[in-house]
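A, B, ... follow the sequence lines: proteins, then strands. Residue 1 opens every chain. No hydrogens, no waters, no symmetry mates; every other heavy atom, side chains included, goes into these values.
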Amino acid sequence: MDPTPTPTRPPARTRIAPSPTGDPHVGTAYQSLFSYALAHQTGGRFLLRLEDTDQVRFDANSERRIFAALAWVHLLPDEGPEQGGPYAPYRQSERLPIYQAHAEQLIAAGHAYYCFCTPERLAAMRKEQEARKQPPRYDRHCLTLPPTEVQARLTAGERRVVRMLMPDEGVTSFHDVVRGEISFENRLLDDQVLMKSDGFPTYHLAVVVDDHLMGVTDVIRGEEWISSTPKHVLLYRYFGWELPTYAHTPLLLNDDRSKISKRKSPDKTRLEGFRERGFLPEALLNFLALLGWSHPDGQELFSLDEFIRVFSPARLLKAGSVFDMNKLIWMNGQYIRLLTVDELAMRLIPYTTHTAEEVRRVLPVLHDRLRLLSEFDDLAVIFFTEPVYDSALFSSKQFDAPALADHLAAARAWHADQPWPWEKEAWEAGIRQLAEERGFKKAGDLFMLLRVAVTGRKESPPLHDTMLLLGREATLARMDAALGVLRGA
RNA sequence: GGCGCAUUCGUCUAGCGGCCCAGGACGCCGCCCUCUCAAGGCGGAGAUCAGGGGUUCGAAUCCCCUAUGCGCUACCA
């Protein structure tokens, strides 16, 4: 039984390279999903590399949280800062000498140069270019500095960056697995900063050096990186390295079709938020897999293992997709229904104030009513807390309050006479007969009267189930309490 | 502004020249089941395949143009 791509390719080494700057992002799980699947379907490895090169935005807690979030969605890396690996260290901040050496190699080869321009000068230059409606690009002021002056300013310890020297002409193109050939004119490329003045590399240098050194064969990343890819391709060429395979995935979108953002979609960006609200990681993953990709057989519900089996980057779509919370919630309900009572009870523990025993007891009647794990306590409250009656709920078209009280009293007496436990068929027949005797136009109205009396709500699991779960004494006591309200009102 | 990428029901998508006056899923509506709410079952509304030109006997599918959207344009990733 193997209807799917027996990969006829060497093992893939893929990576997710988040920057630890805050809340673990849904995009990280989205990208990881594809990279994880490709690596594992080819017998390769999936690695996590921390791109902590921005000292300004760095957040010390972020790494731990990213790792926990990936663990939660079952996308643990095979190599990374926590579990190590043959290409450690996996934090870029611990690889500074490597980037330094590579930057110097580029300078020596004439593919990069030192730049001493101040932020002020660059800002002024950009402003002027903008005013003249020209594309903002570095004017290469420092490219022509005499070598002796460069040397002198270097020894003086002046602040400087290293810039990449872009070719003046020609075209840089690369093949993208999902979009085909993409080309950029070299003369339009800016002389990118490779090494910042604080000694840290920029993304462009670090990603190329590390992907190569770590043996990454397949780069799967978001579409927002397409524009920078020519710079990366040029770097590979300067270093004389073999290019990885590129696959740029579609973007996750806000409702207004802009790139998904915390500001516009606060409920969709934080991975921890999904966990807090009671989404199952397998449902989130399944949902994410269906954004920008579809199962070859049209299946909507499938496991991570199944996804690994059939995933192919070539089936990735080109257009971005809006994250539809409605469908995710539906899918979560599907996954909840797939779980056994015992499994579900275990999963509910972090979301409930009740004991595992209590959860297991009432779960059978709540199972089909749950969409989010966090909804459990609200649904279960009828079993654990005495109802606070809203007299408006008792209102009936047919009877006034005193009449309802009489009916309820009769029903209460009838229940008290029944041998416990109340047997379903007999109980239901009894209620219907009582409804008829007491002149109810619809038997359903008596059921509703009892429902409100016993649960304090107009919606609940089937009444008989509910009463059995509550027990004889509690059920009768609640009827008495309801009677009090009805007579007082 | 420049460059790049994209464009099938409200949303996620199937489709890779004839099987499509476009199929599925979520949502919505109705019906069934039913003591309520769910779950489940059945059915319905919903897309002139962004627009316009080609190519072809035949185009959602290939080519060109236009429009629109998005992305990038930092010593952020």
Side-chain angles (χ1 to χ4, degrees), chain A residues 17-21 51-57 115 117-119 122-123 126 129-130 132-137 159-163 176 178-179 182-185 188-190 192-204 206-207 221-230 248 250-251 253 255-259 287 290-301 317-331 333-334 337 365-371 379 428 431-432 435 442-452 455 457-464 466:
Chain A
S19 48
T21 54
E51 311 241 319
D52 53 348
T53 56
D54 187 340
Q55 291 182 290
V56 179
R57 295 200 301 154
C115 170
C117 291
T118 62
L122 293 174
R126 230 168 264 137
Q129 289 170 330
E130 234 166 88
R132 266 188 279 150
K133 299 233 172 203
Q134 288 176 340
R137 296 178 57 214
R159 286 183 76 83
R160 79 287 179 155
V161 301
V162 175
R163 281 185 187 274
D176 182 280
V178 344
R179 289 152 220 274
I182 301 177
S183 305
F184 292 82
E185 280 192 63
L188 266 12
L189 266 22
D190 197 8
Q192 259 298 319
V193 170
L194 260 21
M195 291 293 290
K196 301 185 249 188
S197 58
D198 62 4
F200 279 66
T202 58
Y203 173 81
H204 307 289
V207 77
R221 72 210 323 187
E223 175 190 334
E224 72 263 35
W225 292 108
I226 292 180
S227 297
S228 358
T229 305
H248 287 95
L251 259 23
L253 269 27
D255 290 337
D256 66 2
R257 305 203 74 87
S258 55
K259 182 165 87 165
F287 174 75
L290 253 16
L291 295 179
W293 183 87
S294 62
H295 190 110
D297 301 336
Q299 268 180 252
E300 297 257 340
L301 265 22
L317 254 28
K318 302 180 229 257
S321 27
V322 173
F323 190 116
D324 181 5
M325 187 57 79
N326 256 331
K327 187 159 182 177
L328 207 212
I329 292 174
W330 165 79
M331 195 169 274
Q334 296 293 311
R337 250 147 262 135
V365 301
L366 262 22
H367 202 154
D368 285 349
R369 292 167 174 75
L370 271 181
R371 295 177 311 162
L379 288 173
E428 187 164 337
I431 300 294
R432 288 186 190 283
K442 285 184 293 180
D445 290 350
L446 211 211
F447 281 97
M448 185 52 83
L449 174 61
L450 291 170
R451 165 168 292 104
V452 174
T455 69
R457 296 186 177 191
K458 298 200 95 162
E459 310 86 35
S460 81
L463 247 193
H464 180 261
T466 305

Only pairs with both distances under 3.5 Å count, Watson-Crick or wobble alike; so what is the partner of C19(B) in this structure? none
Taking any strand in view, what nucleotide pairs with A45(B) in a Watson-Crick or G-U wobble way, both distances under 3.5 Å? none
note: His295(A), atom NE2; G15(B), atom C1'; distance rounded to Å ~ 16 Å
Which whole number of Å gives the distance between the P atom of A6(B) and that of G44(B)? 36 Å
Starting at atom CG of Leu317(A), determine the distance to atom P of C5(B), rounded to an integer number of angstrom. 17 Å
Pick the C1' atom in C76(B) and in G71(B), then give their distance to the nearest Å. 15 Å
Rounding to an integer number of Å, can you tell me how far Glu185(A) CD sits from C3(B) P? 8 Å
Treat primed atoms plus P, OP1 and OP2 as sugar-phosphate and everything else as base, then score nucleotides 31-43 of chain B 5' to 3': B for base contact with protein heavy atoms under 4.0 Å, S for sugar-phosphate contact only, - for none. ----BBBBSS---
U61(B) -> Watson-Crick or G-U wobble partner, both distances under 3.5 Å, gives none
Starting at CD1 of Ile226(A) and ending at P of C5(B), how long is that distance when rounded to a whole Å? 7 Å
Rounded to whole Å, how long is the line connecting atom NZ of Lys318(A) with atom C1' of U61(B)? 12 Å
Take Lys327(A) and Glu300(A) through the test salt bridge (Lys or Arg N to Asp or Glu O under 4.0 Å) and record every step on the way to the result. CA-CA 11 Å; Lys327(A) 187 159 182 177; Glu300(A) 297 257 340; 3.1 Å; yes
From CZ (Phe287(A)) to CE (Met325(A)), nearest 0.5 Å: 7.5 Å
What integer number of Å spans the C1' atoms of U8(B) and A47(B)? 7 Å
Taking the P atom in each of A39(B) and G30(B), what is the distance between them to the nearest angstrom? 15 Å
Could you tell me how far G18(B) sits from G10(B) if I compare only their C1' atoms? Round to whole Å. 31 Å
What residues, two or more places apart in sequence or in another chain, satisfy side-chain contact (heavy atoms from CB on, under 4.5 Å) together with Lys442(A)? Asp445(A)
Taking the same atom, P, in U55(B) and in G43(B), what whole-Å distance lies between them? 44 Å
Between Glu223(A) and Arg179(A), does any NZ, NE, NH1 or NH2 come within less than 4.0 Å of an OD or OE carboxylate oxygen? yes
Once you measure the plane-to-plane angle for Trp225(A) and His204(A), does it fall in the parallel (<30°), tilted (30-60°) or perpendicular (>60°) bin? perpendicular
For Met331(A) and G24(B), give me the distance from atom CE to atom P, rounded to whole Å. 17 Å
Give the B/S/- string for nucleotides 69-77 of chain B, one per nucleotide from 5' to 3', where a protein heavy atom under 4.0 Å of the base yields B, of only the sugar-phosphate yields S, and otherwise -. -SBSSSBBB
Whole Å only: how far is the CG atom of Leu291(A) from the P atom of C12(B)? 8 Å
Rounding to an integer number of angstrom, what distance separates C64(B) and G24(B) when you compare their P atoms? 33 Å
Spacing of Glu130(A) atom CD relative to G1(B) atom P, expressed in whole Å: 13 Å
Taking the C1' atom of each, how far is G15(B) from G53(B), in whole Å? 24 Å
